[in-house]
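Here's the structure we're looking at; comments come further down.
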Amino acid sequence: MNKIITRFPPSPTGYLHVGGARTALFNWLYARHTKGRFILRIEDTDVQRSTQASVDAIFEALKWLDIDWDEGPYFQTQRFPIYQEYIQKLLDSGHAYYCSCTPEEVDAMRKKAMETGGKPKYDGTCREKKLSKGENTVVRFKAPLMGTTVLEDVIKGNIVFQNSELDDFVIQRSDGVPTYNFVVVIDDIAMGVNTVIRGDDHVNNTPRQIQLYKALGAQLPVFGHVPMVLGNDRTRLSKRHGATSVTAYRDMGFLPDAFINYLVRLGWSHGDQEFFTREDLIEKFNLENIGRSAGVFDLEKLLALNADHIKAAPPAKIVPHLLPFLKEKGYEAEAGPYLEGVIKTLNARSKTLKEMADGAEFYFQENLIYDENAVKKFLTPAVLEPLSQLIAELEAIETFSEKALEAAFAKVLESAGLKFSKIAQPVRVALTGKTVSPGIFEIIEVLGKEQVLSRLKNALGFING
RNA sequence: GGUCCCAUCGUCUAGCGGCCUAGGACGUCGGCCUCUCACGCCGAAAACACGGGUUCGAGUCCCGUUGGGAUCACCA
């Protein structure tokens, strides 16, 4: 069995969007699963719209997703000599010809065909003229007029196209730059790509490409067209539906592993399994279980999956992803046991890293910020006595183990004749400034004796003052 | 409009002729747990688009209808 070689060929005309990320993922996963090779190729033949900023944005997104490549990145604009060679080959073998029709003329013939109820396509004016290269000539592929072209798609099955539906498409523009349908085939042949997984918006291009392979006498790759990702109104996902940029999801606080889990699961399944680690995906991903119908992007489910990944990941793995959110808030957090302890108290309560950073604020505030209403409601004279006692008890404890803490609380509650629920909120407000937080004992353990005592004493001041 | 694709709960899906009184997940609604908020646990409502065939038997195969999507460039 030959080694599987896949590729991801984004065009740098914008950031990496959700749909693109998914096809990148499918190709990458399939290559990793089969121990094959994954190639990154930048399709920048649209010189007008391609930008370096887009190239950088795509790299950045791929890096966040942790998708790596074995070969490339190749840039098509640096491969013109190769394309030129193949164009000449096609010209020489009679599979291509020069055409001097102007864009305006072609437009006109399309419009005319449309009016008379025909198919809008190039009418072959120059097909047999045997023109030679001229000032404004393009090179067109001489497509078969009759017969059929069959696309054997691994996920959609066989699709038959009538060749009469296709026209002689341009393979080299008048400025000498080759077009997409041509370079994609040449590169895939030259790079040995034998498995092409892409969005099904490319299905209608495929018969032209197949004809090119045939004209060149090259072997066809395995094609697999994956269904589109739709917005909640069932139209192609766009900005209207919310964020479409991959890095926007990073900035919202998603874990890359959760994001890829969601993206892959949207259109692929492995029985009833919903949660997949990256390793799981590599081990189990295949082409057979990719669905045929388009799927709607559902932020709620992504959120739920993100929460699951946050819960399941060891705190140390969360650290590098959380740090930027803490820094953004202005806190001097750093990797280490303290941060990991913080994460442990928050991972069951956070759907995103942003939420986690919000919930972690009190751990990092030099001067705790108190919620006014919380103070008014819970730091009342009634708790002055028990709180003072608690301070005394805690001061006597050497190390803050959960057991010792519980004993200290029990002692205070008993002598004051109070239930834990009576003192929990006051203590919570004293320690965090808020009425919502992780469990009291968890917080105390992480904060440590010094901080806990100082915050408790500070709270006493509120009651007295 | 031409061509092509698709069709199971609101959403993602399992199902590859009998195991389906159609399963799981998210979401929704109840309840339990509980120091707040969560987590967790238990339970409920919720789908085979429609019509014809084929077959002893169809969510599963075929045809049609309807609905949705994609694509028709010297863009990729």
Side-chain angles (χ1 to χ4, degrees), chain A residues 9-13 43-46 48-50 76 99 101-103 106-107 110 113-114 117-122 136-140 151 153 156-157 159-162 165-167 169-181 183-184 198-207 225 227-228 230 232 234-236 262 265-275 288-289 291-305 307-308 311 346-351 355 359 374 378 409 419-429 432 434-441:
Chain A
S11 64
T13 53
E43 311 224 322
D44 54 354
T45 53
D46 182 347
Q48 304 300 322
R49 299 195 302 149
S50 296
Q76 292 185 320
C99 167
C101 297
T102 63
V106 176
D107 270 354
R110 286 211 170 85
M114 201 91 100
K119 296 160 181 59
K121 48 183 213 178
Y122 177 67
N136 279 308
T137 52
V138 298
V139 177
R140 284 184 186 276
L151 159 57
D153 194 287
K156 287 184 181 291
I159 302 175
V160 180
F161 297 88
Q162 296 299 320
E165 293 292 331
L166 281 17
D167 64 355
F169 57 100
V170 172
I171 59 177
Q172 185 178 48
R173 300 176 174 89
S174 52
D175 63 1
V177 179
T179 60
Y180 166 76
N181 274 121
V183 293
V184 87
R198 60 187 13 168
D200 73 8
D201 48 337
H202 285 280
V203 168
N204 291 309
N205 281 322
T206 312
H225 289 90
M228 304 272 84
L230 273 23
N232 46 217
R234 301 210 136 265
T235 63
R236 193 177 184 150
Y262 176 72
R265 192 59 187 66
L266 177 58
W268 174 83
S269 63
H270 182 76
D272 281 341
Q273 190 174 345
E274 300 284 350
F275 183 95
E288 293 74 51
N289 292 312
R292 316 103 296 216
S293 54
V296 174
F297 187 86
D298 181 10
L299 189 65
E300 286 299 326
K301 187 146 185 177
L302 207 209
L303 239 17
L305 217 36
D308 287 343
K311 272 192 289 269
L346 258 15
N347 64 179
R349 295 166 225 271
S350 315
K351 279 187 157 57
E355 270 184 36
F378 294 108
F409 269 83
K419 283 169 108 171
F420 185 63
S421 55
K422 287 291 170 195
I423 200 163
Q425 283 303 75
V427 171
R428 170 167 286 112
V429 173
T432 71
K434 294 180 292 189
T435 53
V436 174
S437 83
I440 300 290
F441 297 116

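Throughout, a chain's letter reflects where its sequence line sits, starting with A, and its residues are numbered from 1.
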> Can you check side chain to side chain contact (heavy atoms under 4.5 Å, CB included) on R198(A) and T206(A), steps first, answer last?
Replying inline: CA-CA 11 Å; R198(A) 60 187 13 168; T206(A) 312; 3.2 Å; yes

Given atom [atom1] of [X] and atom [atom2] of [N], what is their separation to the nearest angstrom?
X: D175(A); N: rC74(B); atom1: CG; atom2: P; answer: 13 Å
X: N347(A); N: rC37(B); atom1: CG; atom2: C1'; answer: 14 Å
X: E274(A); N: rU11(B); atom1: CD; atom2: P; answer: 16 Å
X: L305(A); N: rG27(B); atom1: CG; atom2: P; answer: 11 Å
X: F275(A); N: rC26(B); atom1: CZ; atom2: P; answer: 13 Å
X: E300(A); N: rA25(B); atom1: CD; atom2: P; answer: 17 Å
X: L166(A); N: rG2(B); atom1: CG; atom2: C1'; answer: 13 Å
X: K351(A); N: rG40(B); atom1: NZ; atom2: C1'; answer: 13 Å

>> Can a donor-acceptor pair be found, under 3.5 Å and without considering hydrogens, that links the side chain of N289(A) to the backbone of W268(A)?
In response: no

>> Under a 3.5 Å distance rule, please check whether T179(A) uses its side chain to pair with a backbone N or O of V170(A) as donor and acceptor.
In response: yes

What integer number of Å spans the [atom1] atoms of [N] and [M]?
N: rA47(B); M: rC12(B); atom1: C1'; result: 13 Å
N: rC5(B); M: rC62(B); atom1: P; result: 13 Å
N: rC4(B); M: rG24(B); atom1: C1'; result: 33 Å
N: rC16(B); M: rC48(B); atom1: C1'; result: 15 Å
N: rA38(B); M: rG27(B); atom1: P; result: 13 Å
N: rA7(B); M: rU13(B); atom1: C1'; result: 14 Å
N: rA70(B); M: rA58(B); atom1: P; result: 36 Å
N: rU55(B); M: rC63(B); atom1: C1'; result: 16 Å

Any donor-acceptor pair under 3.5 Å joining the side chain of [X] to the base of [N]?
X: D107(A); N: rA73(B); value: no
X: R428(A); N: rC35(B); value: yes
X: S174(A); N: rC74(B); value: yes
X: K156(A); N: rC5(B); value: no
X: R349(A); N: rC37(B); value: yes

> More 5' along RNA chain B: T179(A) or F420(A), using each one's nearest nucleotide?
Replying inline: F420(A)

> Where each residue is assigned the nucleotide of RNA chain B containing its nearest heavy atom, which of D201(A) and Y262(A) is assigned the position nearer the 5′ end?
Replying inline: Y262(A)

Under 4.0 Å between any heavy atoms, over every strand shown, what does [X] touch: base, sugar-phosphate, or nothing? Just pick one.
X: C99(A); answer: nothing
X: T13(A); answer: nothing
X: G291(A); answer: nothing
X: G295(A); answer: sugar-phosphate
X: K434(A); answer: nothing
X: H225(A); answer: nothing
X: N232(A); answer: nothing
X: V138(A); answer: base
X: R292(A); answer: sugar-phosphate
X: P227(A); answer: nothing
X: T45(A); answer: sugar-phosphate
X: I159(A); answer: sugar-phosphate
X: T435(A); answer: base
X: R236(A); answer: sugar-phosphate

Cut-off 3.5 Å, no hydrogens considered: what does the side-chain donor-acceptor table look like for residues 421-428 of chain A, sequence neighbours left out?
unit_1, atom_1, unit_2, atom_2, d
Q425(A), OE1, R428(A), NH1, 2.5
Q425(A), NE2, T435(A), O, 3.3
R428(A), NE, S437(A), OG, 2.8
R428(A), NH2, P438(A), O, 3.3

> Quick one: which of rC6(B), rC74(B), rC12(B) gets closest to the side chain of K301(A)?
Replying inline: rC12(B)

> Which nucleotide sits closest to the side chain of D46(A): rG2(B), rA76(B), rA70(B)?
Replying inline: rA76(B)

For [N], the Watson-Crick or wobble counterpart (both distances under 3.5 Å):
N: rU3(B); value: rA70(B)
N: rG27(B); value: none
N: rG64(B); value: rC50(B)
N: rC16(B); value: none
N: rU34(B); value: none
N: rA58(B); value: none
N: rA45(B); value: none

> Out of Q76(A), E43(A), H202(A), which residue meets the side chain to side chain donor-acceptor pair (under 3.5 Å) rule with Y180(A)?
Replying inline: H202(A)

> So, for L166(A) and P207(A), which heavy atoms are closest and what is the spacing to 0.1 Å?
Replying inline: CD2-CB, 3.9 Å

> Is the phosphate of rA70(B), meaning OP1 or OP2, less than 4.0 Å from a side-chain N or O of R234(A)?
Replying inline: no

> Within the pair R49(A) and rA76(B), is there a side-chain N or O less than 4.0 Å away from OP1 or OP2?
Replying inline: no

>> Looking at K351(A), I want to see if its NZ is surrounded by more than 12 non-hydrogen atoms of other residues, nucleotides or ligands under 6.0 Å.
In response: no

> When rounded to the nearest 0.5 angstrom, what is the spacing between CG in D175(A) and CG in N136(A)?
Replying inline: 9.5 Å

>> So, taking the atom named CD in E165(A) and the one named NZ in K121(A), what distance separates them when rounded to the nearest 0.5 Å?
In response: 7.0 Å

> Would F297(A) and Y262(A) count as a ring pair (Phe, Tyr, Trp, His ring centres under 6.0 Å) if you check the C-alpha gap in whole Å, the side-chain angles of each, and the deciding distance to 0.1 Å?
Replying inline: CA-CA 9 Å; F297(A) 187 86; Y262(A) 176 72; 5.3 Å; yes

>> Syn if the chi torsion is within 90° of 0, anti otherwise; quick check, which is rC39(B)?
In response: syn

